[in-house]
Amino acid sequence: MFALVDGNAFYAACEAVFRPDLKGRRVCVGSNNDGCLVAANAEAKALGNIMYQPLFQLEKLFQQNDVVVFSSNYELYGDLSQRMHTLLGTFATAQEVYSIDESFLDFTGMGLFDLQAYGQVIRRAVMKQLGLPVAVGIGATKTLAKAANRLAKTIPGWNGVLSFADLPTGEQDRLLASLPVSDVWGVGRRWTEQLQALGVTTALDLKQAPAQLIRRRFSVVLERTVRELNGIPCQDLELVTPDKQQIVSSRSFSQPVAYLEDMRQAVSRYAARAAEKMRRQGSTCRQVSVGIATNPFKPGAPQYHNWASTRLIHPSDHTGLLINRAKHCLQSIWREGFEYKKAYVMLSDIGSGQVRQFDLFAREAHYSNNPKATALMAVLDRINQRMGRGSCRMAAEGIDGQMQWPMIRRMQSPRYTTQWGELPVAYIK
DNA sequence: TCTGGGGTCCTAGGACCC
DNA sequence: TCTGGGGTCCTAGGACCC
């Protein structure tokens, strides 16, 4: 039996935790650079199809309807997420942290007899201790737990908790028949269209579809979904987080970038950020890729996008080397005369940093493989961890004040729980 | 003015091996 | 009539997730 606990409109809910005055109001959260809408509470979603719309197109609607908009505050969401997952872990014998706002839980061996009631216990605890609303779905497989979670959120009568375990099959099927096939975990836009053409429009239709046919027409991935809807587990809890196989650092610029020198700084910064992420999981990479692109939404502007990659002779996690290789990639694809909107750096062919292959014929170990260089990176990471990201960095990343593309976050809330200077203040009359 | 940022898995096909 | 049988590795593209 699996449970899925999922925060309701998580980012919007995080914003409301320290703002009781927002209760009942429409709350939205924008993406980086306040580009598009990435979260909205139920009140705001009632305004219509607004998710992922560009914010500037929603401005008028929001003004007319008293919508409170926040820039994304990932420091706050990340911290509240960690607290939520820690709390959820105390209610189960095993836990998989699936995303920033979702945990799968396993209650095996706890001797529970009323899962519906236990779900309510979890829900109330998270609300009381963190002020965050969650929904709980319980089923024989992850896919069923996901479906139950979705139904618990949408059908008011269930009060945020739905356990398939406590329901007769007929009742389960009745509920699955009310769930559009597009809401089934693992069914995206493309497959929804194709399934609908076959007459499969609800979760129940998909459950009853012949698995062999689904495998032939789609793939083994969707076949597994069919089996999971039938209560046959095809996916276990992932108790240890696997290392990332690729690490991407990518940003859109708030202002167009036209000069190579500016782009070099951006690419250097992204490479440094990716390298830091990679060291945190103790890995090294053998491949560095860089991509740049103009703004595809700007009509009439000349468009160009390209990417290049390079292989390293020795796997490395050294910021200096990775910046150097990234800049070489950039040089090979750079073209003057365009206004660039976005760049990314990708590290791939990632392996364990524990195994370090030295060069038999080199007079000295390559500098990025050198134990001294490794120690230097460790110091760099410790400084930045303690003093804040970017406190200590490569000159290639640029000096504050010269940066041409500061992130736009006009409406960011305080980082209530992670910065001493931004603690919430209570006034006593 | 203005459109996010990260990831994974699977399949098909080509090139190559004996 | 009839042109083998078994495998690996790599890449690109397409689907999905949050």
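Letters A, B, ... mirror the listed sequences (proteins, then strands); counts begin at 1.
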- Query: Step by step, would you call Thr192(A) with Arg189(A) a side-chain contact (heavy atoms from CB on, under 4.5 Å)?
  - Reply: CA-CA 5 Å; Thr192(A) 297; Arg189(A) 232 187 43 232; 5.7 Å; no
Annotated structure of DNA chain B as dot-bracket, pair cut-off 3.5 Å, Watson-Crick or G-U only, | for inter-strand, is ....||||||||||||||
Open item on the list: Distance alone, cut at 3.5 Å: any donor-acceptor contact between the side chains of Asp317(A) and Thr284(A)?
Closed with: no
If you measure only the distance, is there a donor-acceptor pair under 3.5 Å linking the side chains of Arg279(A) and Thr319(A)? yes
In numerical order, the residues of residues 237-249 of chain A whose heavy atoms come under 4.0 Å of DNA chain B are Lys244(A), Gln245(A), Gln246(A), Ile247(A), Val248(A), Ser249(A)
What residues 69-88 of chain A contributes to the DNA chain B interface at heavy-atom separation below 4.0 Å is none
_Under 6.0 Å between ring centres: does that hold for Tyr270(A) and Tyr344(A)?_
no
Is the distance between the ring centroids of Tyr74(A) and Tyr11(A) less than 6.0 Å?
yes
Of Lys298(A) and Phe218(A), the one whose nearest nucleotide on DNA chain B sits closer to the 5' end is Lys298(A)
Quick check on [N]: is either OP1 or OP2 less than 4.0 Å from any side-chain nitrogen or oxygen of [X]?
X         : N       : value
Arg224(A) : dC10(B) : yes
Asn33(A)  : dC2(B)  : no
Ser31(A)  : dT3(B)  : no

Given protein heavy atoms under 4.0 Å, the one-letter contact record of nucleotides 12-18 of chain C, with B base, S sugar-phosphate only and - none, is simply ---SSSS
Whole-Å distance, Phe56(A) CZ to dT1(B) C1', equals 9 Å
So CZ of Arg25(A) and CG of Asn65(A): to nearest 0.5 Å the spacing works out to 12.0 Å
When rounded to the nearest 0.5 Å, the distance separating CG of Leu105(A) from CZ of Phe91(A) is 9.5 Å
Side chain of Thr141(A), backbone of Glu228(A): donor and acceptor closer than 3.5 Å? yes
| task | Kindly say whether Glu75(A) contributes a backbone atom to a donor-acceptor pair with the side chain of Thr418(A) at under 3.5 angstrom? | result | no
Students often get this wrong, so: under 4.0 angstrom with heavy atoms, is Asn295(A) touching a base, only sugar-phosphate, or nothing? sugar-phosphate
Closest to the side chain of Ser252(A), out of dT3(B), dG5(B), dC10(B), is dG5(B)
Sorted by chain and residue number, the side chain to side chain donor-acceptor pair (under 3.5 Å) partners of Tyr98(A) (sequence neighbours excluded) come out as Trp185(A)
Across all chains, not counting sequence neighbours, the side chain to side chain donor-acceptor pair (under 3.5 Å) partners of Asn306(A) are Tyr304(A)
Nearest heavy-atom contact between Ser348(A) and Cys285(A) is O-CB, 3.4 Å
Heavy-atom nearest pair, Asn8(A) first then Ala13(A), reads O-CB, 3.7 Å
